[in-house]
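These notes are about the structure you will find just below.
Proteins come first, then strands; the chains are lettered A, B, ... in the order of their sequence lines, and each starts at number 1. In this text the structure is predicted, and so the values were computed from the model without any measurement.
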2 protein chains.
Amino acid sequence: MTKARIAVLAAIDGAEEPLSASGVAARANCDCDQATVYRALHHLETAGFAESFVLNCSEHGTERYYVSAKGPHRHWFHCEGCHRFVDLGACRIGGLVADLESELGLRVTRHTMYLSGLCAECSARSAPRAGAH
Amino acid sequence: MTKARIAVLAAIDGAEEPLSASGVAARANCDCDQATVYRALHHLETAGFAESFVLNCSEHGTERYYVSAKGPHRHWFHCEGCHRFVDLGACRIGGLVADLESELGLRVTRHTMYLSGLCAECSARSAPRAGAH
DNA sequence: GTATTTTTGCAAATTGTTCGCATTTGCTCG
DNA sequence: CGAGCAAATGCGAACAATTTGCAAAAATAC
């Protein structure tokens, strides 16, 4: 394991929300080239140390986000107000995926699911309850 | 409604699988510029006539795919062998989304879910059952 | 039919990501 | 411990999907 890959893996293992490639580069305090970060991420995902999904956000555009593959598979909510992620906890659609798999004869190797909207804070800020101010 | 937008909407309404921007341009036989196609898709999505999601595929890279917003909300499976989509039918995670929404105080305005792997055909082709040849 | 607003075409710019290639690093073995 | 080699990195250029500025063309309003 090279220095760059160790730093990249530490960045995503230590983050408590999905990180874009640039986010990883910022957190991984290896001063390595962005190409190296991309290659490291690709390597780590192939090796099973990381997972990724692509998300489009009004502020950051379309980017690929990486999360650690340690622990159970999880899903995320993306807030369109503060552009942060909220952890939705462990995956709850395993049963549904298995059902669809057998119903349709598919071999599912991965699934992507995420929600977006406004988190509790941004939601309260944009449409405060009566008497909240 | 302009000619270009009508053609773009007809393309996605008539397609039985999600279409990328270039796929829309190919199917919509308006010879309009690609910028127009992108703008029309953005407009149609904003106006509620189309939905989209971003998917990364080994053959086509990362692209945004559009589907008609007519009929019930659906989800898709993407085959990494033939790179086609399989319709998973109407959304079955509405309850889960509502649960997460109330559990975590979120305001969910959209959700993305798709599966990938090998479709029945590609699966059979790559690992035929005993006696299948 | 004319004025006003919106949309389109074209070409150039953006942006996330990938690639080629020479150099450096990590590891294996003697 | 140091030579030999395969794999990884840095740098810069290349890419591909998507967006944007602006003048011309088409909808729509009046």
Side-chain angles (χ1 to χ4, degrees), chain A residues 1-12 15 17-67 78 80 83 85 112 114, chain B residues 1-12 15 17-67 78 80 83 85 112 114:
Chain A
M1 198 79 141
T2 69
K3 193 165 24 168
R5 289 178 179 177
I6 290 170
V8 168
L9 182 54
I12 61 181
E17 62 179 296
L19 255 35
S20 65
S22 60
V24 169
R27 272 180 90 106
N29 51 343
C30 63
D31 30 298
C32 48
D33 193 79
Q34 57 178 26
T36 301
V37 171
Y38 279 104
R39 284 189 275 229
L41 287 168
H42 182 266
H43 170 83
L44 291 170
E45 183 165 23
T46 302
F49 294 114
E51 298 176 357
S52 74
F53 59 91
V54 180
L55 177 143
N56 178 272
C57 137
S58 59
E59 178 152 316
H60 304 106
T62 299
E63 285 186 305
R64 191 157 181 161
Y65 291 85
Y66 293 84
V67 295
H78 179 257
E80 288 165 354
H83 302 288
F85 286 93
T112 300
Y114 52 83
Chain B
M1 198 76 141
T2 68
K3 192 165 23 169
R5 290 177 179 178
I6 290 170
V8 167
L9 182 55
I12 61 181
E17 61 179 296
L19 255 35
S20 65
S22 59
V24 169
R27 271 181 90 108
N29 51 343
C30 62
D31 31 296
C32 50
D33 193 78
Q34 57 178 25
T36 302
V37 172
Y38 280 104
R39 284 189 274 228
L41 287 168
H42 182 267
H43 170 81
L44 291 170
E45 184 165 22
T46 301
F49 294 114
E51 298 177 357
S52 74
F53 59 92
V54 180
L55 177 143
N56 178 273
C57 136
S58 59
E59 179 151 315
H60 304 105
T62 299
E63 284 187 305
R64 191 157 182 160
Y65 291 84
Y66 293 83
V67 295
H78 179 256
E80 290 166 351
H83 302 288
F85 286 92
T112 299
Y114 53 83

Donor-acceptor pair, distance only, cut-off 3.5 Å: does the side chain of B/Tyr114 make one with the backbone of B/Val54?
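Yes.
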
Check whether any side-chain N or O of B/Glu63 sits under 3.5 Å from a backbone N or O of B/Ser20 as a donor-acceptor pair, and report yes or no.
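Not at all, since once roles are kept as given, no pair shorter than 3.5 Å links the two residues.
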
Euclidean distance, [Y] [atom2] relative to [X] [atom1], rounded to 0.5 Å:
X	Y	atom1	atom2	value
B/Asn56	A/Thr112	CG	OG1	9.5 Å
A/His43	A/Thr2	NE2	OG1	7.5 Å
B/Arg64	B/His42	CZ	NE2	7.5 Å

Any protein N or O atoms within reach of nucleotides 25-30 of chain D? Criterion: under 3.5 Å, listing atom names and distances.
residue	atom	partner	partner atom	Å
D/dT28	OP1	B/Met1	N	3.2

Scan residues 25-37 of chain A for pairs that pass side-chain hydrogen bond (donor to acceptor under 3.5 Å, both in side chains), counting only residues two or more places apart or in two chains.
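Of all non-adjacent pairs touching residues 25-37 of chain A, none passes side-chain hydrogen bond (donor to acceptor under 3.5 Å, both in side chains).
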
Within-4.5 Å side-chain heavy-atom neighbours: A/Leu9 and A/Met1:
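Sidechains of A/Met1 and A/Leu9: in contact.
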
So B/Leu55 and B/Phe85, do their side chains get closer than 4.5 Å, heavy atoms only?
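B/Phe85 reaches B/Leu55 side chain to side chain.
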
Provide the closest heavy-atom pair for [X] versus [Y] in the form atom of the first, atom of the second, distance.
X	Y	value
B/Ala28	B/Ala7	CB-O, 3.6 Å
B/Arg5	B/Leu44	O-CD1, 4.1 Å
B/Val37	B/Ala21	CG1-O, 3.8 Å
B/Ala11	B/Leu19	O-CD2, 3.8 Å

Interface with DNA chain C, restricted to residues 27-45 of chain A and to heavy atoms under 4.0 Å
A/Gln34, A/Ala35, A/Tyr38, A/Arg39

Just to be sure I understand the geometry, which residues of residues 46-63 of chain A put a non-hydrogen atom under 4.0 Å away from DNA chain C?
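A/Thr62, A/Glu63, in order of number.
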
Looking at B/Arg64, does any N or O in its side chain come under 4.0 Å of the phosphate oxygens OP1/OP2 on D/dA17?
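No, no such contact exists.
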
Rounded to whole Å, the CD1-P distance (A/Ile6 to D/dA8) equals 13 Å

Axis-to-axis angle across the helix from C/dG1-D/dC30 to C/dA12-D/dT19, five pairs each end, nearest 10 degrees, ~ 30°

Apply ring pair (Phe, Tyr, Trp, His ring centres under 6.0 Å) to A/His60 and list each qualifying residue two or more places apart in sequence or on a separate chain.
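For A/His60 the ring pair (Phe, Tyr, Trp, His ring centres under 6.0 Å) partners, ignoring immediate neighbours, are A/His83.
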
